[in-house]
Amino acid sequence: MPAEEGAEHRGAEIAANLARVEQRIAAACEAAGRDRKDVTLIVVTKTYPESDIRLLAGLGVREVAENRDQDAARKAAECADLSLNWHFVGQLQTNKARSVVRYADHVHSVDRLRLVGALSTAATAAGRQLGCLVQVALDAGSGERGERGGVAPDGVAAVADAIAVAPGLRLDGVMTVAPLAGAYAGQPRAAFDRLTEISSRLRETHPAANMVSAGMSQDLDEAVAAGATHLRVGTAVLGVRPGLR
Ligand SMILES: *Cc1c(COP(=O)(O)O)cnc(C)c1O
């Protein structure tokens, strides 16, 4: 297929996928009696090229997410001419903080005090204000961290309080990934209900921290039903990623 036709084909494919996801979100909002405007779709572009991000932007997508700093930094630079908000959703090492604050508007995966310190130092040095979400590991026991990152529910308040007073950081809310193991395995609705409870508790002391980031391609409907404000959707919009990432 000539390159131009290929791009046209890919554009049509992404547009159709996006329309299907949009229908699912609208139906889930309707069923839950929620306003569609209260739910934001973030498209997870990890492993997909700059050209796909340009097609997404052309279709009106403004919120994109990545999970690896090296890829994210490169794509954000390549797409600097587009008005996009970049969300970082992967596990983050403290030595990547300086890079991430240069392009990210939000980090969804803040899960320990040392990372709060590193992000604060980096954001301040870069003259940036970074929105932070506390990642909650619903499958982690007291004092532990999750397999895929995140702090146990009883550690959320300490991380949130640290973000709230850290220069250069803004506490925006909470995030989770539905656990694959433990009591919540195969029960995304129960997991997201638990996250909503944690969010309500957090807002008693931090009323502005109202982002609830939950729901991916498989379970975005349950996330909307449970009250999520931000959905992180990759596969359903861009297709199945080659390899496990
Ligand atoms: C990849 C990823 C997503 C998107 O997952 P899909 O199943 O492709 O929709 C959402 N959140 C995080 C943290 C991810 O790493």
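Hydrogens, waters and symmetry mates play no part in the numbers below; they use all other heavy atoms, side chains included. Along the sequence shown, residues are numbered consecutively beginning with 1. Worth saying up front: this structure is predicted, and the values here are computed from it rather than measured.
- Heavy atoms only, all atoms of each residue included: Leu195 and Ser213 are closest at CD2-O, 3.9 Å.
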Notebook entry, point to check: Could you walk me through whether Val107 and Leu133 pass the side-chain contact (heavy atoms from CB on, under 4.5 Å) check?
Noted result: CA-CA 6 Å; Val107 173; Leu133 286 78; over 6 Å; no

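- The two atoms that bring Cys29 and Asp35 nearest to each other are SG-O, 4.3 Å, heavy atoms only.
- Using a distance-only test at 3.5 Å, with no hydrogens or angles considered, no donor-acceptor pair links the side chain of Asn67 to the main chain of Gly90.
- From Trp86, atom CH2 reaches atom CD of Glu66 across 5.5 Å, with rounding to the nearest 0.5 Å.
- Nearest heavy atoms, Thr47 versus Arg241: OG1-CG, 3.2 Å.
- At distances below 3.5 Å, at least one donor-acceptor pair connects side-chain atoms of Arg34 with backbone N or O atoms of Ala228.
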Note to self: Could you walk me through whether Ile163 and Val110 satisfy the side-chain contact (heavy atoms from CB on, under 4.5 Å) test, starting with their C-alpha distance in whole Å, then the side-chain angles of each, then the deciding distance to 0.1 Å, before giving a yes or no?
What the structure shows: CA-CA 9 Å; Ile163 294 168; Val110 182; 3.8 Å; yes

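- Hydrophobic clustering (ILVMFWY, side-chain heavy atoms < 4.5 Å, transitive): Val39 and Leu220 are in one cluster.
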Next item on the list: Before giving the answer on side-chain contact (heavy atoms from CB on, under 4.5 Å), spell out for Asp52 and Arg10 the whole-Å C-alpha distance, their side-chain angles and the decisive distance to 0.1 Å.
Entry: CA-CA 8 Å; Asp52 281 353; Arg10 181 64 173 147; 2.8 Å; yes

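- A salt bridge links Glu197 with Arg194: the distance from a Lys NZ or Arg NE/NH1/NH2 to an Asp or Glu carboxylate oxygen falls below 4.0 Å.
- Residues Val134 and Ile42 do not share a hydrophobic cluster, clusters being chains of Ile/Leu/Val/Met/Phe/Trp/Tyr side chains in contact below 4.5 Å.
- In summary, Glu30 and Arg36 do not engage in a salt bridge, as defined by a charged side-chain N under 4.0 Å from a carboxylate O.
- Defined by atom type and a distance below 3.5 Å, a donor-acceptor pair is present between the side-chain atoms of Asn85 and Glu63.
- Each of Val233, Asp221, Leu231, Thr40 was compared with Ile25 under the side-chain contact (heavy atoms from CB on, under 4.5 Å) criterion, and only Leu231 meets it.
- Using a 3.5 Å distance cut-off with no hydrogens or angles, the side chains of Tyr103 and Asp69 do pair a donor with an acceptor.
- Between the Thr121 side chain and the Gly117 main chain, a donor and an acceptor come within less than 3.5 Å of each other.
- The heavy-atom pair separating Ala123 from Val101 by the smallest distance is N-CG1, 3.9 Å.
- When the side chains of ILVMFWY residues are joined at heavy-atom separations under 4.5 Å, either directly or via intervening members, Leu55 and Leu82 end up in a single hydrophobic cluster.
- Across every non-hydrogen atom of Ala191 and Leu138, the tightest pair is O-CD1, 3.2 Å.
- In this structure, Val151 is a member of the same hydrophobic cluster as Leu92, with clusters built from ILVMFWY side-chain heavy atoms closer than 4.5 Å.
- Put simply, the side chain of Thr196 gets close to the backbone of Ala226: a donor and an acceptor are under 3.5 Å apart.
- Between His87 and His108, the angle of the ring planes goes over 60°, which puts this pair in the perpendicular group of the 30/60° scheme.
- No donor-acceptor contact under 3.5 angstrom links the side chains of Thr176 and Gln135, judged on distance only.
- Looking at every heavy atom in both residues, Gly141 comes nearest to Ala152 through O-CB, 3.2 Å.
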Item checked: Worked verdict on Val212 versus His230 for side-chain contact (heavy atoms from CB on, under 4.5 Å) -> CA-CA 6 Å; Val212 179; His230 290 70; over 6 Å; no

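- Side chain of Thr229 to backbone of Met211: no donor-acceptor contact under 3.5 angstrom is found.
- The pair Lys75-Asp71 fails the salt-bridge criterion, with no side-chain N (NZ, NE, NH1 or NH2) lying under 4.0 Å from an Asp/Glu carboxylate O.
- By the criterion of side-chain heavy atoms lying less than 4.5 angstrom apart, applied directly or through intervening Ile, Leu, Val, Met, Phe, Trp or Tyr residues, Met216 is not grouped with Ile14; the two fall into different hydrophobic clusters.
- With rounding to the nearest 0.5 angstrom, the CG atom of Leu169 is 9.0 Å from the CG atom of Leu115.
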